[in-house]
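Single-structure report; data block below.
Chain letters run A, B, ... following the sequence lines, proteins first, then strands; residues in each count from 1.
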There are 2 protein chains.
Amino acid sequence: MCNLYGVQPDLALDHQLCFALYAASRRVQQAYRPALDDLGLTYPQYLVMLALWERDGVGVGELGERLHLDSGTLSPLLRRLEQRGLVTRRRDDPDGRRVEILLTPQGDALRDRAGQVQDCLAGQVDLGPEQLGALRDLARALVNSTPRSDGGTP
Amino acid sequence: MCNLYGVQPDLALDHQLCFALYAASRRVQQAYRPALDDLGLTYPQYLVMLALWERDGVGVGELGERLHLDSGTLSPLLRRLEQRGLVTRRRDDPDGRRVEILLTPQGDALRDRAGQVQDCLAGQVDLGPEQLGALRDLARALVNSTPRSDGGTP
DNA sequence: CACAACTGAGTTGCGTGCAATCTAGCTGGC
DNA sequence: GCCAGCTAGATTGCACGCAACTCAGTTGTG
């Protein structure tokens, strides 16, 4: 845990938090994939739909704030969701720069089928509900710690 | 908050394990980025180097097994590492299909500078060592649970 | 030995993530 | 009213991930 130039600070892959999170995140995406294929959604698209089911009629920026994503990622993603008829983008606000994202009836209806997506995880992951809850809370704490600012290593 | 179909299992974004892990993983990548920029590595490239510092002279398949990545991801990544002079790929084994990945002296030397990369996380994340350890263990348990097989939702 | 089945890497296509840049629209100072 | 500066999205370029496929090389069977 300490590192000068002499001591080697445990570079082993398996001991790295970064790798554990990286692999766990992709592992969960794999677990969701079959269910999401049924809905015709990718994993990030599913997360966007989750956010919109919670509250739509928001701008791209607000959506990105909730998902920690920027317009460079969301713009093309939302275009695809629009092409599939799940959302619409309106640009007629008082503020002509804003684009409002709204669910279509189709997009809203998809919500009823989304419950089964979560059940998919339960059958595939060997962690108890308690452990999953703890993992979720820890991960959430990690996300909210010290938002993107300058890096270290001055 | 509840739809028909009886019990609605809480579709709120913030309660989802999938989102927590997804966001946490990207958050950690952001924390590492400044330090990795100094080394001229991307985050996945850094993980590959970690694996190779642990043991090199391995085939692409073995490397992928350790990292849970397939050749479709590793082949181009390794090509870039080779272009930067950090690894070499040899194809003269007894088994002519195998490609052995070996660290160059440069790639090996980079290891001495990699210690500082981990210190970068410590200053940016508001989790104690205990919590980080717990998170790592949980995430690792999740990764190793029920490897990629068929999906759910029969 | 001949040949089908298998295997290890590589390639292709598509959808992210994200930095950097661009563009259109708004806003404040004069 | 005018223009510099700001802001919200969109676009561009590059590097993943991963499914699907190709290709070269090996192995098992007769």
Side-chain angles (χ1 to χ4, degrees), chain A residues 18-19 22-34 36-37 40-49 58-65 67-84 87 89-101 148 150-151, chain B residues 18-19 22-34 36-37 40-49 58-65 67-84 87 89-101 148 150-151:
Chain A
C18 61
F19 174 66
Y22 168 81
S25 177
R26 287 186 297 114
R27 173 73 188 76
V28 168
Q29 291 189 40
Q30 285 173 8
Y32 275 85
R33 188 158 301 128
L36 289 179
D37 283 346
L41 291 176
T42 67
Y43 188 74
Q45 286 168 6
Y46 171 66
L47 295 178
V48 167
M49 292 302 288
V58 297
V60 175
E62 301 166 54
L63 200 53
E65 224 166 284
L67 292 159
H68 306 279
L69 291 172
D70 67 0
S71 71
T73 300
L74 283 177
S75 284
L77 191 155
L78 290 169
R79 176 164 27 89
R80 287 178 203 112
L81 289 182
E82 188 177 38
Q83 284 169 353
R84 296 183 196 193
V87 307
R89 287 186 292 177
R90 267 197 338 187
R91 195 159 210 158
D92 50 2
D93 260 15
D95 187 339
R97 294 166 302 180
R98 243 176 82 92
V99 169
E100 240 190 24
I101 310 296
R148 57 178 71 189
D150 68 316
Chain B
C18 60
F19 175 66
Y22 168 79
S25 177
R26 286 185 299 115
R27 174 71 188 76
V28 168
Q29 291 189 39
Q30 286 173 9
Y32 276 85
R33 188 157 302 129
L36 290 179
D37 283 346
L41 292 176
T42 67
Y43 187 75
Q45 285 168 8
Y46 171 66
L47 295 177
V48 167
M49 292 302 287
V58 296
V60 175
E62 301 166 55
L63 200 53
E65 223 167 285
L67 293 159
H68 306 278
L69 290 172
D70 67 1
S71 70
T73 300
L74 283 177
S75 285
L77 191 156
L78 290 169
R79 176 162 27 89
R80 285 176 207 113
L81 288 183
E82 190 177 36
Q83 284 168 352
R84 297 182 195 194
V87 307
R89 289 185 291 177
R90 267 197 338 187
R91 195 160 210 158
D92 52 0
D93 259 16
D95 186 339
R97 295 167 298 181
R98 244 175 80 93
V99 169
E100 239 189 24
I101 310 297
R148 57 179 72 188
D150 67 318

Quick check on DNA chain C: between B:Tyr22 and B:Arg98, whose nearest nucleotide comes earlier from the 5' end? B:Arg98
Would you tabulate the pairs of protein nitrogen or oxygen atoms and nucleotide nitrogen or oxygen atoms of nucleotides 25-28 of chain D closer than 3.5 angstrom?
residue: D:dG25; atom: N2; partner: B:Arg97; partner atom: NH1; Å: 3.1
residue: D:dT26; atom: OP1; partner: B:Pro94; partner atom: O; Å: 3.2
residue: D:dT26; atom: OP1; partner: B:Gly96; partner atom: N; Å: 2.9

Round to the nearest Å and state the distance from A:Tyr32 atom OH to D:dG17 atom C1'. 19 Å
Nearest-Å distance for atom pair CG/P, residues B:Asp70 and C:dG8: 13 Å
Can you tell me the distance, in whole Å, between the CG atom of A:Leu69 and the C1' atom of D:dA8? 16 Å
Once salt bridge (Lys or Arg N to Asp or Glu O under 4.0 Å) is applied, do any residues pair with B:Arg33, and if so which ones, sequence neighbours excluded? none
Is there a side-chain contact between A:Tyr43 and the phosphate of D:dG17, meaning an N or O under 4.0 Å from OP1 or OP2? no
Quickly work out the A:Leu63 CG to C:dG17 P distance and round it to whole Å. 13 Å
Identify, with sequence neighbours excluded, every residue that meets salt bridge (Lys or Arg N to Asp or Glu O under 4.0 Å) alongside B:Arg89. B:Glu82
Check side-chain contact (heavy atoms from CB on, under 4.5 Å) between B:Arg91 and all other residues, then give those that pass, not counting sequence neighbours. B:Val99
Applying side chain to side chain donor-acceptor pair (under 3.5 Å), name anything that partners B:Glu100, two or more places apart in sequence or on another chain. B:Arg90
Within the structure shown, what part of the strands sits under 4.0 Å from B:Gln29 by heavy-atom distance: base, sugar-phosphate, or nothing? nothing
Take atom CG of B:Asp37 and atom P of D:dA15, then tell me their distance rounded to the nearest Å. 13 Å
Determine the contact category for A:Thr42: base if any of its heavy atoms lies under 4.0 Å from a base atom, sugar-phosphate if only primed atoms, P, OP1 or OP2 are that close, otherwise nothing. sugar-phosphate
I'd like to check the side chain to side chain donor-acceptor pair (under 3.5 Å) partners of B:Asp37; sequence neighbours left out, ordered by chain and number. none
Write down the distance between NE2 (B:His68) and P (D:dC18), rounded to a whole number of angstrom. 11 Å
Just N and O in the side chain of B:Gln30: are any of them under 4.0 Å from OP1 or OP2 of C:dC18? yes
B:Arg98: which residues meet the side chain to side chain donor-acceptor pair (under 3.5 Å) condition with it, sequence neighbours left out? B:Glu62, B:Asp93
B:Leu41 side chain reached by B:Leu81 side chain, heavy atoms, under 4.5 Å: yes
Just the rounded figure in Å: distance from C1' of C:dT16 to OH of A:Tyr46. 18 Å
Please examine the side chains of B:Gln30 and B:Tyr43, heavy atoms only from C-beta on, and report whether any two atoms are closer than 4.5 Å. no
By nearest atom, which of the nucleotides D:dC18, D:dA10, C:dA9 is closest to the A:Arg26 side chain? D:dC18
Looking at D:dA19, I'd like to know if its phosphate oxygens (OP1 or OP2) sit under 4.0 Å from a side-chain N or O belonging to A:Arg33. yes
Does B:Gln45 have a side-chain nitrogen or oxygen under 4.0 Å from the phosphate oxygens OP1 or OP2 of D:dA15? no
Which residues, if any, of residues 72-80 of chain B bring a heavy atom under 4.0 Å of DNA chain C? B:Gly72, B:Ser75
Closest-nucleotide mapping onto DNA chain D: is B:Arg84 or B:Ser71 further toward the 5' terminus? I mean the 5' end. B:Arg84
In the structure I gave you, are the side-chain heavy atoms of B:Tyr22 and A:Gln29 within less than 4.5 Å of one another anywhere? yes
Could you pull out all residues at least two apart from A:Glu65 that satisfy side chain to side chain donor-acceptor pair (under 3.5 Å)? none
Integer-rounded Å distance: C:dT16 P and A:Gln83 CD: 11 Å
